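We use all heavy atoms of the structure for the numbers below, so side chains are in, but hydrogens, waters and symmetry mates are not. Proteins get letters first, then strands, A, B, ... in listed order; numbering begins at 1 in each. Predicted model, so just to flag it, every value in this text is computed and none were measured.
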Protein chains: 2
Amino acid sequence: MNKIQRLKKNGYRITKPREEILNVLSQRPLTVEEIHTSLQNKKISIDVTSIYRSLDLFKKLGLVTEIELGEGKKRYEFNDKNRHHHHVVCEDCGMISDISLAQEKKLIDSMKKNSKFKITSHSLEFSGLCQDCQC
Amino acid sequence: MNKIQRLKKNGYRITKPREEILNVLSQRPLTVEEIHTSLQNKKISIDVTSIYRSLDLFKKLGLVTEIELGEGKKRYEFNDKNRHHHHVVCEDCGMISDISLAQEKKLIDSMKKNSKFKITSHSLEFSGLCQDCQC
DNA sequence: TTGAATGCAAAGCTTTTGCAATTCA
DNA sequence: TGAATTGCAAAAGCTTTGCATTCAA
């Protein structure tokens, strides 16, 4: 089931702004400002308010994941359920890379087993210097 | 070496506001607002601006760690170097618990070895329901 | 047609900046 | 005393809210 069908199925309307925002959301986590600029570049005029509201809806439907990388603002990324991953951010240039960790499952499972909390989600973010910025 | 001495050693002044902020910072990560309220309760009047500026200094000196738990604001916690840990936050009541994970080192070491980035730090945050909120 | 969604303006929070007054060493 | 630090006011982000208008079904 694609993203548009998923909207419809839940009784929400397929609107131009929503379609455009979904089109622009890639694997790379974007800020609201970046989404807005990206749409403007495509000559699509959408108010930031509508972007915020659309993202809220997408979050609720599980279409989009909200992440914080310590920048003081949120980032949004299209939620590919088949590809659980985390991020590493370059302290110098801000470049963001995806990472998948083989040993991760063990760690999370053990956390779930041992914690008194009922764990529902986690975030693991790395910070460092990317290849270019190490020189 | 205690926190006050650490300030002095680096050529910074020991001032009333700085002392009071350090006194109030506990293991529990606090927001600037919480620090401010906590000081007011002790009849200590400090401007939030000064709190921000002191925290910036403490961060620079490695006395305090800044964390984000997805609340849209930052939290600050006194940095106990002997006790590396992470957090789990209750989605319902906001309660924050510390956690230490035995298997963590392996995961991080492998990340450091395999990543093209030069990893300098990481954050691992869990979200779920605390014991009280599970009922 | 009609409720849902959008745009615009305004406000709400958190955080930062500028500058004169104060304070520590 | 003199530079570092503080308080106050203002501004700068990011995000949310209210309301009239527009739009999808």
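Both B/Lys73 and B/Pro17 lie near DNA chain C, and the one whose nearest nucleotide falls closer to the 5' end is B/Lys73.
One atom, CD of B/Glu20, and another, P of C/dC24, lie 12 Å apart when rounded to the nearest Å. Spacing between atom CD of B/Glu71 and atom P of C/dT15 amounts to 11 Å, rounded to whole angstrom units. Residue A/Leu22 contributes atom CG, which lies 14 Å from atom P of C/dA5 at whole-angstrom precision. In this structure, B/Lys16 places its NZ atom 12 Å from P of C/dA25, rounding to the nearest Å. Distance, A/Phe58 CZ to C/dA5 P: 11 Å, rounded to whole Å. B/Asp47 places its CG atom 15 Å from the P atom of C/dT22, with the value rounded to the nearest Å. Regarding B/Lys59, its NZ atom lies at a distance of 7 Å from the P atom of C/dT16, rounded to whole Å.
The local environment of CD in B/Glu33 is sparse, with at most 12 non-hydrogen atoms from other residues, nucleotides or ligands closer than 6.0 Å. Counting non-hydrogen atoms of neighbouring residues, nucleotides and ligands closer than 6.0 angstrom, the NZ atom of B/Lys106 reaches no more than 12 such neighbours.
Remark: B/Thr15 is not in phosphate contact with C/dT23, judged by side-chain N or O atoms under 4.0 Å from OP1 or OP2. Note on B/Arg53: every side-chain N or O is 4.0 Å or more away from OP1 and OP2 of C/dT16. For C/dT16, neither phosphate oxygen OP1 nor OP2 lies less than 4.0 angstrom from any side-chain nitrogen or oxygen of B/Tyr52.
Of the residues in residues 32-46 of chain A, none has a non-hydrogen atom less than 4.0 angstrom from any atom of DNA chain D.
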task = Apply the test side chain to side chain contact (heavy atoms under 4.5 Å, CB included) to residues B/Lys113 and B/Asp109: give CA-CA distance (whole Å), side-chain angles for both, the deciding distance (0.1 Å), then the verdict.
result = CA-CA 6 Å; B/Lys113 204 164 75 186; B/Asp109 284 350; over 6 Å; no

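The residue A/Thr49 sits close to a base: some heavy atom pair falls under 4.0 Å. B/Lys74 comes within 4.0 angstrom of the backbone, heavy atoms only, and of no base.
Other members of the hydrophobic cluster containing A/Ile96, listed by chain and number, are A/Ile67, A/Leu69, A/Val89; membership follows side-chain contacts under 4.5 Å among ILVMFWY residues, whether direct or relayed. Counting Ile, Leu, Val, Met, Phe, Trp and Tyr side chains that sit under 4.5 Å apart, directly or through other members, A/Ile119 shares a hydrophobic cluster with A/Val88, A/Met95, A/Ile99, A/Leu101, A/Leu107, A/Ile108, A/Met111, A/Phe117, A/Leu124, A/Phe126, B/Val88, B/Met95, B/Ile99, B/Leu101, B/Leu107, B/Ile108, B/Met111, B/Phe117, B/Ile119, B/Leu124, B/Phe126.
Checked by atom type and distance alone, the side chain of A/Glu77 never pairs as donor or acceptor with a backbone atom of A/Thr65 at under 3.5 Å. Looking only at distances, no side-chain donor or acceptor of B/His36 sits under 3.5 Å from a matching main-chain atom of B/Asp47.
Applying the side-chain contact (heavy atoms from CB on, under 4.5 Å) test to A/Lys59 and every residue at least two apart in sequence or in another chain returns A/Asp56, A/Glu66, A/Tyr76.
Rounded to 10 degrees, the angle separating the terminal axes of the helix from C/dT1-D/dA25 to C/dA25-D/dT1 is 30°, with each axis obtained from five end pairs.
Listed here is the closest heavy atom pair of A/His86 and A/Glu125: C-OE1, 4.4 Å.
Note that the first and last nucleotides of DNA chain D, 5' to 3', having any atom under 4.0 angstrom from a heavy atom of chain B are D/dG2 to D/dA9.
Note that OG of B/Ser45 and CD of B/Glu20 are 11.0 Å apart. Values are rounded to the nearest 0.5 Å.
For the residue pair A/Glu91 and A/Ser127, a side-chain donor N or O sits within less than 3.5 Å of a side-chain acceptor on the partner.
Among B/Lys73, B/Lys74, B/Arg75, the single residue meeting the salt bridge (Lys or Arg N to Asp or Glu O under 4.0 Å) criterion with B/Glu71 is B/Arg75.
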